[in-house]
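Note that ligands are numbered from 1 as they come in the structure, with each ligand's atoms numbered from 1 the same way. Computed from a predicted structure; not experimentally measured. Numbering starts at 1 and runs along the sequence shown.
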Amino acid sequence: MNFKITLRKPIFFLLSILICCFVLPASNGIPLTIAQSEAAVKTPVQRYGRLKVSGAQLVDSKNRPVQLKGVSTHGLSWFPQYVNKKAFQTLRDRWGAQVIRLAMYTAEYNGYCTGSAQNQKDLKAIIDKAVSYCDELGLYVIIDWHILSDSNPNTYKKQAKAFFKSMAQKYKEHENVIYEICNEPNGSVSWKEIQAYAKSVIKTIRKQDEQAVIIIGTPTWSQDVDTAAASPISGSNLMYAFHFYASTHKEDFRKKLQTAIDSGLAVFVSEFGICEAGGSGSVNQAEAKRWMKLLDQNKISCVAWNLSNKEEASALIKSSCTKTSDWKRSELSDAGKWIYDMMRK
Ligand code: IDC
């Protein structure tokens with residue numbers, strides 16, 4: 001008996017050494033990052049389950065605070081090639097992304113409301129594909145009604161209601177789907193008008209799906225969260241969009257966000273860039289770092305614009321790189337590298 005015990009100990013010791021030396025470092029010689037090793041164990045959806053909003057905070061199915069980070073597509077009609085499973089898997093496993101935002105323009109370049117009937121079908125088919133990849137990969141997915149040049153969401157309210165009705169009918173059992181009902185209201189549209197639109201679309205979604213998280217755009221390109229905080233919409237699992245571009249929006253805008261958070265508004269940064277608000281110009285890493293500190297401190301989820309190789313500073317992939325997945329760090333733009341490093345932390 002004694003002999004067995006004394007023999008077991010060195011065998012375990014030897015086994016542990018073997019595992020440490022050969023098995024653990026075997027991922028192509030590159031040590032696994034935390035994001036990768038967690039992803040190998042559990043997907044984001046397995047980890048957090050159905051999301052809810054509790055007070056100002058996004059929480060998981062067990063009411064623990066959750067901060068999601070991820071990437072937005074460019075317009076689904078502009079760059080449909082990036083909607084592929086390998087791309088999303090690369091974002092999940094190498095970048096540490098937990099959420100993908102599907103930006104579907106309503107008015108620009110084959111937008112959902114200005115393109116042909118065929119275009120609408122194509123866009124819905126792309127969304128279908130994207131949601132099924134996110135289901136398979138356990139990623140959260142935001143379906144974004146990307147208003148922009150159509151600055152008032154009421155312009156295409158009828159279409160929005162029909163669209164979200166069909167989305168909510170289709171995806172009500174999918175606990176990973178989040179709805180963003182108006183990207184960036186802008187121009188002279190007031191919060192009151194946005195509220196009227198939002199209430200009506202929320203009602204449409206809630207008839208099908210009582211639980212999904214819904215993100216509401218705020219006035220002035222989703223910057224005026226302080227205005228929304230002064231008069232929020234009643235209902236559960238509602239969040240408000242705040243968007244920033246670090247080269248343009250600085251301390252004043254952080255104060256605006258802070259005011260909204262302090263008054264208990266649930267904010268989701270469903271789009272941000274670290275360049276200028278026009279989508280190009282210089283990248284400002286120092287300001288980007290300040291923004292991220294504020295978001296991390298308050299556990300605010302954020303999604304980076306944009307997954308494409310368009311020749312603009314906000315595109316995350318270098319314009320010389322035509323790969324649609326498996327990008328190396330060196331194939332990313334300056335913004336892409338910063339976002340990649342930030343998400344892997
Ligand atoms: C920009 C794209 C650019 C495209 C333009 C269309 O990066 O390629 O030509 O839209 O008008 C937003 C918008 C988002 C913008 C982005 C950068 O939500 O659609 O994308 N931005 O300008 N709000 C603030 C910045």
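No donor-acceptor contact under 3.5 angstrom links the side chains of Arg206 and Asn237, judged on distance only.
The backbone N or O of Ala117 sits nowhere less than 3.5 Å from a side-chain atom of Gln120 that would complete a donor-acceptor pair.
Arg254 forms a cation-pi arrangement with Trp291, by the criterion of a distance under 6.0 Å to the ring centre and an angle within 45° of the ring axis.
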Which N or O atoms of ligand 1 sit under 3.5 Å from a protein N or O, and how far apart is each pair?
from, atom 1, to, atom 2, distance (Å)
ligand 1, 7 (O), Trp305, NE1, 3.0
ligand 1, 7 (O), Glu312, OE1, 3.1
ligand 1, 7 (O), Glu312, OE2, 2.8
ligand 1, 8 (O), His74, NE2, 2.9
ligand 1, 8 (O), Lys310, NZ, 2.5
ligand 1, 8 (O), Glu312, OE1, 2.8
ligand 1, 8 (O), Glu312, OE2, 3.1
ligand 1, 9 (O), Lys310, NZ, 3.1
ligand 1, 10 (O), Tyr105, OH, 3.0
ligand 1, 18 (O), His146, NE2, 3.3
ligand 1, 18 (O), Asn183, ND2, 3.1
ligand 1, 18 (O), Glu184, OE2, 3.4
ligand 1, 18 (O), Glu271, OE1, 2.9
ligand 1, 18 (O), Glu271, OE2, 3.0
ligand 1, 19 (O), Tyr105, OH, 2.6
ligand 1, 19 (O), His146, NE2, 2.7
ligand 1, 20 (O), Tyr105, OH, 3.4
ligand 1, 20 (O), Trp305, NE1, 3.2
ligand 1, 21 (N), Tyr245, OH, 3.4
ligand 1, 21 (N), Glu271, OE2, 3.3
ligand 1, 22 (O), Ala277, O, 2.9
ligand 1, 22 (O), Gly278, O, 3.1
ligand 1, 22 (O), Gly279, N, 3.3
ligand 1, 23 (N), Glu184, OE1, 2.7
ligand 1, 23 (N), Glu184, OE2, 2.7
ligand 1, 23 (N), Glu271, OE2, 3.3

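Remark: Lys69 engages Asp296 in a salt bridge, criterion side-chain N to carboxylate O under 4.0 Å. Salt bridge absent: Asp60 and Lys52 never bring a charged side-chain N and a carboxylate O closer than 4.0 Å.
Aromatic pair Phe244/Phe272: centroids less than 6.0 angstrom apart.
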